[in-house]
Asker: 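I have a structure here, written as structure tokens, and I will follow up with some questions on it.
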Amino acid sequence: MITVRKLKLTVIGTDEERKQGYKFIRDSQYAQYQGLNLAMGILSSAYLESNRDIKSDTFKNAQKSLTNSNPLFEGIAFGTGIDTKSSITQRVKKDFKTSLKNGLAKGERTITNYKRNYPLMTRGRDLKFMYEGDDILIKWVNKIIFKVVLGATKRKENSIELQHTLHKVIDKEYKVMQSSLCFDKNNNLILNLTLDIPYTPKKNFVEGRVLGVDLGIKYPAYVCLNDDTYKREHLGSINDFMKVREQMQQRARNLQQALKLTKGGKGRTKKTQALNRLKDKERNWAKTYNHQLSKKIVDFAIKHQCEFINMEKLTKDGFGDKLLRNWSYYELQNMVEYKAERVGITVRYIDPAYTSQTCCICGHIDKDNRQTQEKFKCTECGFELNADHNASINIARSEKFIKNK
């Protein structure tokens, strides 16, 4: 399915960089306007010269001549890095064909005339979406970087839906097609983002089937079904996560220590910029990790036709401060929630009390049931199981629901 989303953008950088960025877009838009009308002029002249016979050699030759190497494009200052010539030739041929179908041959409409503010066409592969902290950036041609203004829409639900859409673009679930840039009546820069959204057939869920998700220490997520506890999987590795994160934090501490020894000048400025870049890199890496993990959780639920996903309503109790400082469980849960919602799976939050201390077989609760981080053995019935597996079963079967605020 092809759909279009309008995004309000702003060019980021120094004042001079922003000024040059906007000028580049306007100049490129004007060059495209020139090229479109000149190219349409070639087709329209040949059409009239051949007495409106599109099968004539004159018209066919005119069509064939519309290539990137056509001399008519000489002298036009097209924007560096934008494939404007190809976009022009394809657009003009398509528009002329549409005009013929809509009455041009009968004199019921005139030949297309392009206006100066015609949106600047740009290839989808030239729009590279990425995260920087909580912001979404787009790298474009000529080293121009845009920031998406997410609060531009008045309705909150529209803003959330847009964020979810852009997450799927970054995850490469949605393909970016040829899009366009323009300025609205208030001089705001707008990206008409064209997306190819794959068709997702309606899932046939197993009624009442629940996926329990235990967010833990050793494994970031341990998932299990409520009605078939042999269907389970541990996702990710907290050791790998913490190793990369702590390496970045150590580099940050080294830079902070170096800053204390640098009084001022260019040396301090460079170290400050390096520190800020490192912090952004660390945050982006953690967010990307959460996106990958949340996708795996939802994919597991889809694969096993789950109607619901149960997760604990987590607080700071139960996790070490070090882990909470390094990883946003709230962010992960939010990502699972919206990705599940997109495929029709309902996420429910349950009371986390005693899920790790309760025996999933007999229901006996005892803190001694969990003998180690990995081992669970019930002091009542003697049942033994991986501790995270046991907890995920309890979460999947729990009916102690808590409203998510």
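As a basis for the values below, the full set of heavy atoms in this structure was taken, side chains included, without hydrogen atoms, waters or symmetry mates.
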Asker: Go through Val11 and Leu9 one step at a time and tell me if the side-chain contact (heavy atoms from CB on, under 4.5 Å) criterion holds.
Answerer: CA-CA 7 Å; Val11 176; Leu9 307 180; over 6 Å; no
Asker: Please tell me if the side chains of Ser179 and Asn192 come closer than 4.5 Å, counting only heavy atoms from C-beta onward.
Answerer: no
Asker: Sequence neighbours left out, what passes side chain to side chain contact (heavy atoms under 4.5 Å, CB included) with Ala387? Give chain and number order.
Answerer: Arg370, Phe376
Asker: May I ask you to say whether Lys60 pairs ionically with Asp57, meaning some side-chain N is under 4.0 Å from a carboxylate O?
Answerer: no
Asker: Test of understanding: with salt bridge (Lys or Arg N to Asp or Glu O under 4.0 Å), list the residues that count as partners of Asp366, not counting sequence neighbours.
Answerer: none
Asker: If we ignore angles and hydrogens, is there a donor and acceptor under 3.5 Å between the side chains of Asp351 and Ser398?
Answerer: no
Asker: Name the orientation class of the two ring planes belonging to Tyr118 and Tyr114 (parallel below 30°, tilted from 30 to 60°, perpendicular beyond 60°).
Answerer: perpendicular
Asker: If you count every heavy atom of other residues, nucleotides or ligands that lies below 6.0 Å from Phe308 atom CZ, does the total exceed 12?
Answerer: yes
Asker: Would you say Leu48 and Arg52 make side-chain contact, with heavy atoms under 4.5 Å?
Answerer: yes
Asker: Going by ring pair (Phe, Tyr, Trp, His ring centres under 6.0 Å), name the residues that satisfy it together with His164, two or more places apart in sequence or in a different chain.
Answerer: Tyr338
Asker: Just checking, any donor-acceptor pair under 3.5 angstrom between side chains of Arg397 and Asn226?
Answerer: no
Asker: If the plane angle is over 60° it's perpendicular, under 30° parallel, otherwise tilted; pick one for Tyr222 and His234.
Answerer: tilted
Asker: Between Lys339 and Asp171, is there a salt bridge with N-O shorter than 4.0 Å?
Answerer: yes
Asker: Measure up the His291 and Tyr131 rings against each other and bin them: parallel (under 30°), tilted (30 to 60°), perpendicular (over 60°).
Answerer: parallel
Asker: For Thr67 and Asn70, does a side-chain donor sit closer than 3.5 Å to a side-chain acceptor?
Answerer: no
Asker: Are Phe59 and Phe96 close enough, and set up right, to give a ring pair (Phe, Tyr, Trp, His ring centres under 6.0 Å), and what steps lead you there?
Answerer: CA-CA 12 Å; Phe59 185 76; Phe96 195 90; 5.4 Å; yes
Asker: Using a 4.5 Å cut-off on heavy atoms from C-beta on, say whether the side chain of Leu127 contacts that of Trp140.
Answerer: yes
Asker: Please check if atom CZ in Arg125 has more than 12 non-hydrogen atoms from other residues, nucleotides or ligands closer than 6.0 Å.
Answerer: no
Asker: Evaluate the side-chain contact (heavy atoms from CB on, under 4.5 Å) criterion for residues Tyr22 and Thr10: first the C-alpha distance (whole Å), next the side-chain angles of each, then the deciding distance (0.1 Å), finally the verdict.
Answerer: CA-CA 9 Å; Tyr22 288 119; Thr10 181; 3.3 Å; yes
Asker: Would a 4.5 Å heavy-atom cut-off, applied to side chains only, mark Phe73 and Thr84 as touching?
Answerer: no
Asker: With a 4.0 Å cut-off, would you call Lys23 and Asp27 a salt bridge?
Answerer: yes
Asker: If we ignore angles and hydrogens, is there a donor and acceptor under 3.5 Å between the side chains of Gln333 and Glu337?
Answerer: no
Asker: Does Lys377, at its NZ atom, have more than 12 non-hydrogen atoms belonging to other residues, nucleotides or ligands within less than 6.0 Å?
Answerer: no
Asker: Yes or no on side chain to side chain donor-acceptor pair (under 3.5 Å) for Thr355 and Asp214, after CA distance, side-chain angles and deciding distance?
Answerer: CA-CA 9 Å; Thr355 55; Asp214 178 45; 5.4 Å; no
Asker: Do Thr122 and Gln178 have side-chain atoms, one donor and one acceptor, less than 3.5 Å apart?
Answerer: no
Asker: Do Ile350 and Ile402 have side chains that get closer than 4.5 Å, going by heavy atoms?
Answerer: no
Asker: Can you find a heavy atom in the side chain of Thr194 that is under 4.5 Å from one in the side chain of Ile2?
Answerer: yes
Asker: Do Lys295 and Asp299 meet the salt-bridge criterion of a basic N to acidic O distance under 4.0 Å?
Answerer: yes
